[in-house]
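Computed from a predicted model, the values in this text were never measured in an experiment. Basis for what follows: all heavy atoms, side chains included, without hydrogens, waters or symmetry-related copies.
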Amino acid sequence: MKTDLILCIDIGGTHITTAVIERGTLILIEGSLIHKYVDSQASRDHILWQWNEAIEMSMDSIEQKITTMLVSIPGPFDYKKGICLMDGMHKYQSLMHMDVRHYLSTNFHIPKDDIFFFNDAHAFLLGEVYYHKWVGNRVVGLTLGTGLGSAWYDGMVPKDLNYGSASFRDGITEDYISTRGIIDFLATRTDLKFNNVKELVEARGADDSRKIAFSFLTTALVEFICLYIKPLNPDAIVIGGSIAKAHAFFMEDVRRADTIPIVIASMDEMNLFYGMITALDIK
C-alpha cells in the first residue's frame, strides 16, 4: 500500500539534516535520516553540492516518489516565493536572490506547489509545541547559534519576532547573543582562539575562558529577555540551537534572574520535522 512521503529538510548555518517521513503515520523511513556539514560561506555551487549530497542520500532510501518537500531555512527569506534574501548575515551570501524553490523542483522533480518553506525559528517552535503538547499556550522560541532566531506562538500559529536584528546595546541582538558575539568578545579578553562554542566547551585548560564567555552570554541574554520577551507575557520560553547544548554553563544563572519558565529544547530534529508536517496538515 502506497502512502504519501514527505522529504523534510532542515538547513542551518553549519548543517543540513534531511529525512523522509510518512505523512499519515509520522513514521521515519529507515535509513533516510541524514546529517551533513554545510559551509554556508562557500560559493553557490559548493553549498548546493553539499545540499544535494544529503537530499540524494535520503531519497536513495526509498522506492516511492516523494509527494511533498518541507524546508526549514533561516531568514531573511521569501518563504512564499522560495527566494533567498540573506545579505550580510554571515551565511548563504552566495545564494542571495536565488530561487531556491525552482532549483529544488527542477533538481528533484517535485512540483513547485508541493514545496513549502518555513522560517527556521518557526519550525523549531512548532516542533517544541508538538513535543511538549503546548497547543493553546503562549510560548517564545529562541534559537542560539550562528545567529539568534526568535518566534512567538500565540496558542494557534507561530509568528516571526525577528529579534536577532533588533536594536541592542551598541548594535543589534545578534552582535551579542550568537556564536560570533561570544567568540568576538572572548577574543578581546583572552589569547586563546576558538572557532565556535563547541570548541570552547571541549577545550582543555580553558576554564577561565568558559567563565568569561558564558558570563557574557548570561548577562546579554537576561537583558534581552527583560527588554523584549517579558512584555509578551509568555507562559514559557524554550531555548534551542547549538549554543543551548552548552546550557549547563549558563542556564541556571539565566533562570535565577527571571520568573518566566525557561525550558531547554528537546534537541531532537525529528520534532522540528513533525511540527512542520502537523502545521502543513492544519493549512
Side-chain angles (χ1 to χ4, degrees), residues 4-21 23 38-56 58-59 65-127 141 143 145-154 156-166 172 174 269 272-273 275-283:
D4 286 351
L5 296 181
I6 297 181
L7 177 63
C8 296
I9 303 172
D10 177 38
I11 296 171
T14 58
H15 78 277
I16 180 170
T17 302
T18 58
V20 179
I21 299 172
R23 184 169 191 161
V38 173
D39 181 359
S40 61
Q41 299 192 51
S43 68
R44 177 178 294 196
D45 286 347
H46 189 74
I47 289 171
L48 296 179
W49 172 76
Q50 291 180 312
W51 287 6
N52 290 350
E53 186 178 35
I55 294 170
E56 288 167 1
S58 279
M59 294 183 74
K65 184 179 178 181
I66 294 292
T67 58
T68 308
M69 181 183 285
L70 306 182
V71 184
S72 165
I73 190 168
F77 193 93
D78 187 326
Y79 293 94
K80 289 185 177 180
K81 295 181 179 178
I83 296 174
C84 182
L85 300 174
M86 284 180 248
D87 186 18
M89 301 301 293
H90 305 279
K91 54 181 179 267
Y92 298 116
Q93 183 70 46
S94 63
L95 303 189
M96 181 67 175
H97 300 309
M98 178 181 173
D99 187 336
V100 180
R101 172 176 278 123
H102 176 78
Y103 173 80
L104 293 173
S105 175
T106 302
N107 240 42
F108 300 103
H109 311 293
I110 298 173
K112 289 183 180 180
D113 290 345
D114 294 325
I115 299 176
F116 300 87
F117 294 90
F118 290 75
N119 175 278
D120 61 337
H122 288 191
F124 160 73
L125 185 50
L126 285 168
T143 52
T146 54
L148 171 67
S150 55
W152 167 242
Y153 179 78
D154 63 3
M156 296 180 66
V157 295
K159 299 174 183 177
D160 191 16
L161 292 175
N162 197 30
Y163 284 157
S165 58
I172 62 173
E174 275 194 4
E269 256 171 327
L272 180 149
F273 293 155
M276 289 197 295
I277 293 172
T278 301
L280 181 66
D281 287 339
I282 291 173
K283 291 182 179 181

Is there a donor-acceptor pair under 3.5 Å between the side chain of [X] and the backbone N or O of [Y]?
{"X": "Tyr92", "Y": "Gly12", "value": "yes"}
{"X": "Ser105", "Y": "Ile110", "value": "yes"}
{"X": "Gln93", "Y": "Gln41", "value": "no"}
{"X": "Asp154", "Y": "Val157", "value": "yes"}
{"X": "Ser40", "Y": "Lys91", "value": "no"}

Exercise: identify the closest heavy-atom pair between [X] and [Y]:
{"X": "Ser72", "Y": "Asp10", "value": "OG-OD1, 3.3 Å"}
{"X": "Ala121", "Y": "Ala151", "value": "O-CB, 3.7 Å"}
{"X": "Met86", "Y": "Pro74", "value": "CE-O, 3.2 Å"}
{"X": "Phe118", "Y": "Ala123", "value": "CB-CB, 4.2 Å"}
{"X": "Pro158", "Y": "Tyr153", "value": "N-CD1, 4.0 Å"}
{"X": "Tyr163", "Y": "Leu148", "value": "O-CD2, 4.2 Å"}

For the [atom1] atom of [X] and the [atom2] atom of [Y], what is their distance to the nearest 0.5 Å?
{"X": "His102", "Y": "Lys112", "atom1": "NE2", "atom2": "NZ", "result": "5.5 Å"}
{"X": "Ile21", "Y": "Ser58", "atom1": "CD1", "atom2": "OG", "result": "9.5 Å"}
{"X": "Lys80", "Y": "Arg101", "atom1": "NZ", "atom2": "CZ", "result": "11.0 Å"}
{"X": "Phe108", "Y": "Lys65", "atom1": "CZ", "atom2": "NZ", "result": "14.5 Å"}
{"X": "Leu70", "Y": "Ile6", "atom1": "CG", "atom2": "CD1", "result": "5.0 Å"}
{"X": "Thr18", "Y": "Glu269", "atom1": "OG1", "atom2": "CD", "result": "9.5 Å"}

Side chain proximity check, [X] to [Y], heavy atoms < 4.5 angstrom:
{"X": "Met98", "Y": "Ile83", "answer": "no"}
{"X": "Asp4", "Y": "Thr68", "answer": "no"}
{"X": "Val20", "Y": "Ile66", "answer": "yes"}
{"X": "Gln50", "Y": "Asp39", "answer": "yes"}
{"X": "Asp160", "Y": "His122", "answer": "yes"}
{"X": "Arg23", "Y": "Thr67", "answer": "no"}
{"X": "Ile115", "Y": "Tyr103", "answer": "no"}
{"X": "Met59", "Y": "His109", "answer": "no"}

Practice prompt. I would like to know whether Val100 and Trp51 meet side-chain contact (heavy atoms from CB on, under 4.5 Å); could you show each step before the answer?
Written response: CA-CA 11 Å; Val100 180; Trp51 287 6; 4.0 Å; yes
Practice prompt. Could you walk me through whether Thr14 and Thr146 pass side-chain contact (heavy atoms from CB on, under 4.5 Å), step by step?
Written response: CA-CA 8 Å; Thr14 58; Thr146 54; 4.0 Å; yes
